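Okay, so here's the structure we're looking at.
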Amino acid sequence: MNYLPNILFVILLVLGIGYFSKNVQKLIRNIKLGHDVNVSDNKSQRWKNMAMIALGQSKMVRRPIAGFLHIVVYVGFIIINIEVLEIIIDGIFGTHRIGLSILPEVIYGFLIGSFEVLAVLVFIAVIIFWIRRNIIKLARFWKSEMTSWPKNDGNFILYFEMVLMTLFLVMNATDTHFQSINTGNIISQYIAPWFSGLSESALHTVERTAWWFHIIGILVFLNYLYFSKHLHILLAFPNTFYGKLTPKGQFNNLEAVTKEVKMMMDPNVDPFAAPAEGTENEMPAKFGASDVHDLNWVQLLNAYTCTECGRCTSECPANQTGKKLSPRKIMMDTRDRLEEVGKNIDANKGTFKEDGKQLLDNYITREELWACTSCNACVEACPVSIDPLSIIMDMRRYLVMEQSAAPTELNNMMTNIENNGAPWPFNQMDRLNWKND
Amino acid sequence: MSELLKVPTMAEFMAQGKQPEVLFWVGCAGSFDDRAKKITKAFVKLLNKAKVEFAVLGTEESCTGDPAKRAGNEFLFQMQAMTNIEVLNAYEVKKIVTACPHCFNTIKNEYPGLGGNYEVMHHTQFLKTLLDDGRLTVEGGEFKGKRITFHDPCYLGRANNVYEAPRDLIRKLEAELVEMKNCKQTGLCCGAGGAQMFKEPEKGNKDVNVERTEQALEVKPDIIAAGCPFCNTMMTDGVKAKEKEADVVIMDIAELIANAQDL
Ligand code: SF4
Ligand code: SF4
């Protein structure tokens, strides 16, 4: 017996999965560059959110057409991948359609039959997606942040799906044994005649080629994920799990600030006292975020999860009225910078070497940050529970508290609050005058 | 008419050794802005009418810190918050109502972490309980059959999931409630939030309030109802920019209810 295909197959499999896990480790390391945040509360609600939003796609269907098509591709993708299990077993042990020998013929036929139908549906959905992107040119796919790579990335994935689905159907259509038992070949029986002119051995070659390319395609796809917006098919699950549970309007109170404000307001605290034992070497906390490691790890997970669908941006009042701000760009910039930092760490044997760049200014401009109305439309729109607003807020905090770089009018507003307890220059003692107006 | 307004302060209640049923947090806009002061008064008239024992902090009230926080100044926010919480806790305040969604959101969500725990209601929610409990009755009056559209304030709607209370009140007026294409979860901001109220907008091709006003005008309303003093200003400016002041008015829900009663 010739073991060459089996060995080749195992090598491919190990390489494919090995490289993927290496990148997953990198991904986890990069996410952990963010500082810690407590998300251990309310597990039951978190599981529920994950089940509803990621598994159940509850937010996708808010846009019914895209939502429906996405569900077709998503369900199709997951179910058809059961077939991969058979391919892997066949590949390792040199069997052919192991399922046929362990499952009753009708059940096997039913399974493959449903895969075939789904494959066609996925194919159609993917074509419609492609038309929406490239022919109808839906505005949200043509915003300024959708430069060459993000735009190509979106299309590559669609081509990938088309090719994989085609290979799957061709593989079935040219499998003479499978066609002869005539169960489950719902779609492929109509494709088989296209190859009718071929000899038995030529058919076999086509079948084998399609089979090999199918599994190679899947392994390539798996490894493509890390470099693509398609990472969301994995990360949507943890991301919806760790998504915000508190009301959207609730912004976190910075603990480091609380400590200082309490000290300032407490008449019993001696401002000149020596710092308490063990705190001398503590770095003074940095307020807000100017780079990725000032964000928390959930925000960084958000960045890797972003599907670049642009639903956030299309709902954003600032973006709709021509301002530079785009919440999708905030997420894409965060991911790009995080990747840059990750590569820097790889290149410098595990430690980050100052590169004179940061997320603020080099990626996200102040003009974008100050255009946000904090309306939460982006957060509401995101189908995978991403919170672009929290990053905008953390960066504003840095600008104001570390750099005193707020726009002048805002500085005036804040001075008013400080001096007379209102954002306008009115005297606090006049606060009840309305009563007698 | 204003001499009829009864607006007791917490200090006065305290002096009599009494606790009011609820504290009315007026807010900066409600205290100082000419347009918003009318909303404040309309709401007080309703409270008086329903015989609600309420009090205000008066000169002891100070900005909640919302605009400072959204601008990024967490220091100033927490100073304001802690000062206010000290006052509120000293008066043993349990329940707060406010006509400003920003104050509502901040006190309800961001004060508890700093030691301020209160039951907080938006005035539309509070008015609804007054109606439900029969303490206040309302008939359509002058608004019967009028087309009214409600502009969801971001900090009431998306931020806190309050969508129905204001709408229930509009329905009580026997008015025709018409929804804009963007409403509730997808409501478009008026452009004032996140401290934008206090600065010029960034460069763009349109002002947010004009965009929102256009959406409102599309449904041809007689009245654009608001539930926030800042939205009120932004929408009023938007209607002016579209030169539609003669056809459409912007009114707070409290004003609608008060006017329907001829208060
Ligand atoms: S919160 Fe800011 S970024 Fe998000 S939609 Fe509103 S204005 Fe745009
Ligand atoms: S943040 Fe969410 S809504 Fe915005 S592009 Fe990414 S996935 Fe889409």
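Naming: A, B, ... by sequence-line order, numbering from 1 per chain. Given the structure is predicted, the values throughout are model-derived calculations rather than measurements.
- Both the backbone and the side chain of Gln78(B) have a heavy atom closer than 4.5 Å to some heavy atom of chain A.
- For Gln45(A), the side chain to side chain contact (heavy atoms under 4.5 Å, CB included) test picks out Asn42(A), Lys48(A), Asn49(A), Leu245(A), with sequence neighbours left out.
- At least one test fails for Arg431(A) against the ring of Phe426(A): distance under 6.0 Å to the centre or angle within 45° of the axis.
- Of the atoms belonging to Val56(B), it is side-chain heavy atoms, and not backbone ones, that fall under 4.5 Å from chain A.
- When the heavy atoms of residues 361-369 of chain A are compared with those of chain B, the residues falling under 4.5 Å are Glu367(A), listed by number.
- Using non-hydrogen atoms only and a strict 4.5 Å limit, the part of residues 151-158 of chain B facing chain A consists of Cys154(B), Tyr155(B), Arg158(B).
- Nearest heavy-atom pair across Leu188(B) and Asn182(B) is N-CB, 4.0 Å.
- With a threshold of 4.5 angstrom between heavy atoms, Gln185(B) approaches chain A through its backbone and through its side chain.
- Heavy atoms of Gln196(B) lying under 4.5 Å from chain A belong exclusively to its side chain.
- Contact annotation for Glu60(B): only backbone heavy atoms (N, CA, C, O) come within less than 4.5 Å of a heavy atom of chain A.
- By a heavy-atom distance cut of under 4.5 Å, Arg397(A), Val400(A), Met401(A) are the residues of residues 397-405 of chain A near chain B, going up by number.
- For Ala29(B), the parts lying near chain A are the backbone and the side chain together; criterion is any non-hydrogen pair under 4.5 Å.
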